Amino acid sequence: LLSGDAMLIMAFKYLSAPAVCRLLRMFSQMAIDVVRGQQYDMNFERRLDVSVDEYLDMIYLKTAVLFCGALRMGATLADAPAADIELLMQYGRNLGLAFQLQDDVLDTYGDENTFGKKTGQDISDNKKTMLLITALADANSDQRAALHKLLASPKSDAKVEAVRAIYDCVGVRSKVEKLIGDYLRQADAALAAIHATYEAKAPLRDLLQKLVGRHS
């Protein structure tokens, strides 16, 4: 049996291995990016001028980097070629963006019984989602003025219904769902280009398929 001191020394020995050091750096950077994304998300709640590019950058940091980081660390441990790691990162980025955008849609339009929580929370909290950003960009002047007035109003079921009605008039749901489809197709294309057997890529292919038309 080893003493606690000896076990600690052995732990440091393994943690100092080059591969483990690389993994720790990757994990640390991933954690930093997620915190940055969460802070941007909170900052956006106080702004009405969030652009599409800013929002996509935020959800990349908040969500997609988790997909990318996990895939990159696994591929590094497997000594995958650099080209395949890059393709895995593309797969993870597009999958993560699609996942978060789908959450935006489900929070506004999902069935509460299958979604697992009360819908309309993003609207109540004035969260800057792709739905709201698209509506503010594409609405006519009257609709935009109504949205601004609703954003300044307190939380209520009536507020959620009124914002949702404007979304329906502007057609934002179909626009965001088209963007989700684009990201899923890009993820699928990156996965197909990876130099691995069909069987080896099955878990990643299954994960992608679970996102297509998900309801929770």
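All values derive from a computational prediction rather than experimental measurement.
Checking side-chain atoms of Ser174 against main-chain N and O of Gly171 turns up a donor-acceptor pair under 3.5 Å. Remark: side-chain polar atoms of Gln143 are paired, donor with acceptor, to backbone N or O of Asn140 under 3.5 angstrom.
No more than 12 heavy atoms of other residues, nucleotides or ligands sit less than 6.0 Å from atom CG of Asp157.
Applying the salt bridge (Lys or Arg N to Asp or Glu O under 4.0 Å) rule to pairs touching residues 160-184 yields Asp138-Lys175, Glu161-Arg164, Arg173-Glu177, Lys178-Asp182, Asp182-Arg185, sequence neighbours excluded.
Met73 CE to Leu24 CG: the interatomic distance, rounded to the nearest 0.5 Å, is 9.5 Å. Note that SG of Cys68 and CE of Met89 are 4.5 Å apart. Values are rounded to the nearest 0.5 Å. Taking CG of Leu179 as the reference point, atom CG of Leu101 lies at 5.5 Å (rounded to 0.5 Å). Taken from CG in Asp103 to CD1 in Ile180, the straight-line distance is 9.5 Å, to the nearest 0.5 Å. Remark: Asp79 CG to Asp84 CG distance equals 12.5 Å, nearest 0.5 Å. With rounding to the nearest 0.5 angstrom, the CG atom of Asp49 is 9.0 Å from the CZ atom of Phe44.
Using a 4.0 Å cut-off between a side-chain N of Lys or Arg and a carboxylate O of Asp or Glu, Lys127 and Asp107 do not qualify as a salt bridge.
In this structure, Val176 is a member of the same hydrophobic cluster as Val52, with clusters built from ILVMFWY side-chain heavy atoms closer than 4.5 Å. Both Phe27 and Leu61 sit in one connected hydrophobic cluster of ILVMFWY residues. Membership requires side-chain heavy atoms under 4.5 Å apart, directly or through other members. Tyr109 and Ile59 fall within the same hydrophobic cluster, defined by Ile, Leu, Val, Met, Phe, Trp and Tyr side-chain heavy atoms under 4.5 Å apart, directly or through other members. A continuous path of hydrophobic side-chain contacts links Ile123 to Leu48 [ILVMFWY only; heavy atoms under 4.5 Å]. One hydrophobic cluster, built from ILVMFWY side chains closer than 4.5 Å, cannot hold both Val35 and Met26; they sit in different ones.
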Inset, instruction - Could you walk me through whether Ile166 and Leu150 pass the side chain to side chain contact (heavy atoms under 4.5 Å, CB included) test, one step at a time? - result: CA-CA 11 Å; Ile166 295 174; Leu150 286 164; 3.9 Å; yes
Legend entry - Met130 vs Leu56, side chain to side chain contact (heavy atoms under 4.5 Å, CB included): CA-CA, chis, key distance, verdict: CA-CA 8 Å; Met130 185 60 78; Leu56 291 175; 3.7 Å; yes
Legend entry - Stepwise salt bridge (charged side-chain N to carboxylate O under 4.0 Å, His left out) test for Glu54 and Arg47: CA-CA 12 Å; Glu54 284 181 307; Arg47 290 176 50 190; 3.0 Å; yes
Legend entry - side chain to side chain contact (heavy atoms under 4.5 Å, CB included) evaluation trace for Gln102 with Leu211: CA-CA 8 Å; Gln102 188 70 287; Leu211 285 189; over 6 Å; no
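In this structure Gln38 satisfies the side-chain contact (heavy atoms from CB on, under 4.5 Å) test together with Asp41, Met42, Lys62, sequence neighbours excluded. Not counting sequence neighbours, the partners of Asp104 by the side chain to side chain donor-acceptor pair (under 3.5 Å) test are Tyr55.
Geometric assessment of Arg72 against the ring of Phe67 yields a negative cation-pi assignment under the 6.0 Å and 45° thresholds.
Listed here is the closest heavy atom pair of Ala135 and Leu147: CB-CD1, 3.8 Å.
Considering only heavy atoms from C-beta on, Tyr91 comes within 4.5 Å of Leu208 through its side chain. Contact of the Asp57 side chain with the Tyr40 side chain is not registered, since no non-hydrogen atoms from C-beta on lie closer than 4.5 Å. Under the 4.5 Å side-chain criterion, counting only non-hydrogen atoms from C-beta, Leu132 is in contact with Tyr167. The side-chain heavy atoms of Leu136 and His148, taken from C-beta on, include a pair separated by under 4.5 Å. The shortest distance between side-chain heavy atoms of Ser124 and Val160 falls below 4.5 Å. Counting heavy atoms from C-beta outward, Leu23 and Thr76 have side chains that approach closer than 4.5 Å. The shortest side-chain heavy-atom distance between Val34 and Val65 falls under the 4.5 Å cut-off. Taking 4.5 Å as the limit, some side-chain heavy atom of Asp125 sits within range of a side-chain heavy atom of Lys155.
In the model, Lys128 has no side-chain atom that pairs as donor or acceptor with a side-chain atom of Asn43 under 3.5 Å. For the residue pair Asp33 and Gln29, a side-chain donor N or O sits within less than 3.5 Å of a side-chain acceptor on the partner.
Remark: of the listed residues Leu88, Leu95, Asp188, Leu88 is the sole one forming a side-chain contact (heavy atoms from CB on, under 4.5 Å) with Leu204.
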